[in-house]
Amino acid sequence: QVQLVESGGGLVQAGDSLRLSCAASGRTFNVGAMGWFRQAPGTEREFVATISAGGGSTRYADSVKGRFTISRDNAKNTGYLQMNSLKPEYTAVYYCAVRRYSGTYYYSSGYSYWGQGTQVTVSS
């Protein structure tokens, strides 16, 4: 079992930066890939970024490439999403998730453990 708690969300202006954290408890965090997803009101949850268990492989949604960076510190059981040059369309609840498998994965159905989400609001 893995329990995940996101933090770091908030209200910012367009162009600002935020770093989200995902604190994990449980031994299986280090063996599973991690992903970040987001969901805006009235929309489906969408993929943002994913990182392999060891941190050597990352993938991003086209909409955030060059702006967001996903990382993890397995010694601290924590994952991160650095978000730069934020846009109002990035406003959403951001969720971290962990898989039981080590490889990166785009689809939310492949993740077994989810956090409760953290709100990110970007004003124009």
Side-chain angles (χ1 to χ4, degrees):
Q1 283 288 344
V2 177
Q3 289 79 45
L4 304 172
V5 178
E6 301 96 335
S7 62
L11 172 63
V12 297
Q13 294 186 332
D16 286 350
S17 298
L18 277 176
R19 189 176 80 156
L20 305 184
S21 297
C22 176
S25 61
R27 294 183 299 170
T28 55
F29 173 77
N30 293 353
V31 301
M34 185 183 74
W36 285 93
F37 294 79
R38 65 188 179 191
Q39 187 168 19
T43 69
E44 294 186 353
R45 192 169 298 187
E46 66 172 358
F47 166 76
V48 175
T50 178
I51 186 168
S52 59
S57 180
T58 58
R59 297 185 183 183
Y60 297 90
D62 288 342
S63 60
V64 305
K65 278 181 183 176
R67 296 176 183 266
F68 289 11
T69 302
I70 189 172
S71 62
R72 65 192 296 166
D73 185 339
N74 287 340
K76 295 182 178 180
N77 270 13
T78 303
Y80 305 95
L81 185 68
Q82 176 67 42
M83 306 188 295
N84 298 330
S85 302
L86 286 163
K87 299 179 178 181
E89 52 262 45
Y90 293 163
T91 294
V93 177
Y94 283 71
Y95 300 89
C96 69
V98 171
R99 302 188 70 206
R100 290 195 176 100
Y101 307 100
S102 62
T104 58
Y105 200 70
Y106 290 112
Y107 303 103
S108 60
S109 59
Y111 291 79
S112 301
Y113 308 104
W114 290 84
Q116 82 290 348
T118 185
Q119 177 70 47
V120 171
T121 303
V122 185
S123 64
S124 57

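Cluster annotation: V48 and L20 are assigned to the same hydrophobic cluster (Ile/Leu/Val/Met/Phe/Trp/Tyr, side-chain heavy-atom contacts under 4.5 Å, transitive). Hydrophobic clustering (side-chain heavy atoms under 4.5 Å, transitive across Ile, Leu, Val, Met, Phe, Trp, Tyr) keeps Y95 apart from V122. Both W114 and Y106 are members of a single hydrophobic cluster when ILVMFWY side chains are connected at heavy-atom separations under 4.5 Å. In terms of hydrophobic clustering, with Ile, Leu, Val, Met, Phe, Trp and Tyr side chains grouped at heavy-atom distances under 4.5 Å, F37 and V2 are assigned to different clusters. Placement of V31 and M34 in two distinct hydrophobic clusters is found when ILVMFWY residues are connected by side-chain heavy-atom separations under 4.5 Å, directly or transitively.
At a threshold of 4.5 Å between non-hydrogen side-chain atoms, the residues T91 and Q119 count as touching. N30 has its side chain within reach of N77: a pair of non-hydrogen atoms, C-beta onward, lies under 4.5 Å apart. In this structure, V64 and M83 have side chains that are not in contact, with every pair of non-hydrogen atoms separated by 4.5 Å or more. The shortest distance between side-chain heavy atoms of F68 and L18 does not fall below 4.5 Å. Side chains of T69 and Y80 form no contact here, defined as non-hydrogen atoms less than 4.5 Å apart.
The OG1 atom of T104 sits 11.0 Å away from the OH atom of Y60 when rounded to the nearest 0.5 Å. To the nearest 0.5 angstrom, I70 atom CD1 is 12.5 Å from Q82 atom CD. Once rounded to the nearest 0.5 Å, the distance linking OG of S124 with CD of Q13 reads 9.0 Å. Atom CZ of F47 and atom OG of S63 lie 9.5 Å apart (nearest 0.5 Å).
Here the side chain of N74 pairs a donor or acceptor atom with the backbone of A53 at under 3.5 angstrom. Of the possible donor and acceptor atoms, one in the side chain of S52 sits under 3.5 Å from a partner among the backbone N and O of S57. In this structure a side-chain-to-backbone donor-acceptor pair under 3.5 Å is present from R99 to G110. Side chain of E6 to backbone of Q116: a donor-acceptor contact under 3.5 angstrom is found. T58 contributes no side-chain N or O that, together with a main-chain N or O of T50, makes up a donor-acceptor pair within less than 3.5 Å.
Ring geometry, Y105 versus Y111: the interplanar angle falls from 30° to 60°, so the pair is classed tilted.
Sorted by first and then second residue, the pairs that involve residues 5-105 and meet disulfide bond (SG atoms under 2.5 Å apart), not counting sequence neighbours, are C22-C96. Screening residues 30-52 for salt bridge (Lys or Arg N to Asp or Glu O under 4.0 Å) gives R38-E46 as the qualifying pairs, with residues at least two apart or on separate chains.
Looking at every heavy atom in both residues, A40 comes nearest to A92 through N-CB, 3.8 Å. S17 approaches S85 most closely through the heavy-atom pair OG-N, 4.2 Å. Here the closest non-hydrogen pair linking L4 and A24 is CD2-CB, 3.6 Å. Counting all heavy atoms, side chain and backbone alike, S102 lies closest to A33 at O-CB, 3.5 Å. What you find for I51 and R72 is that their closest heavy atoms are O-NH1, 3.7 Å. Residues S21 and W36 share a closest heavy-atom pair of O-CH2, 3.7 Å.
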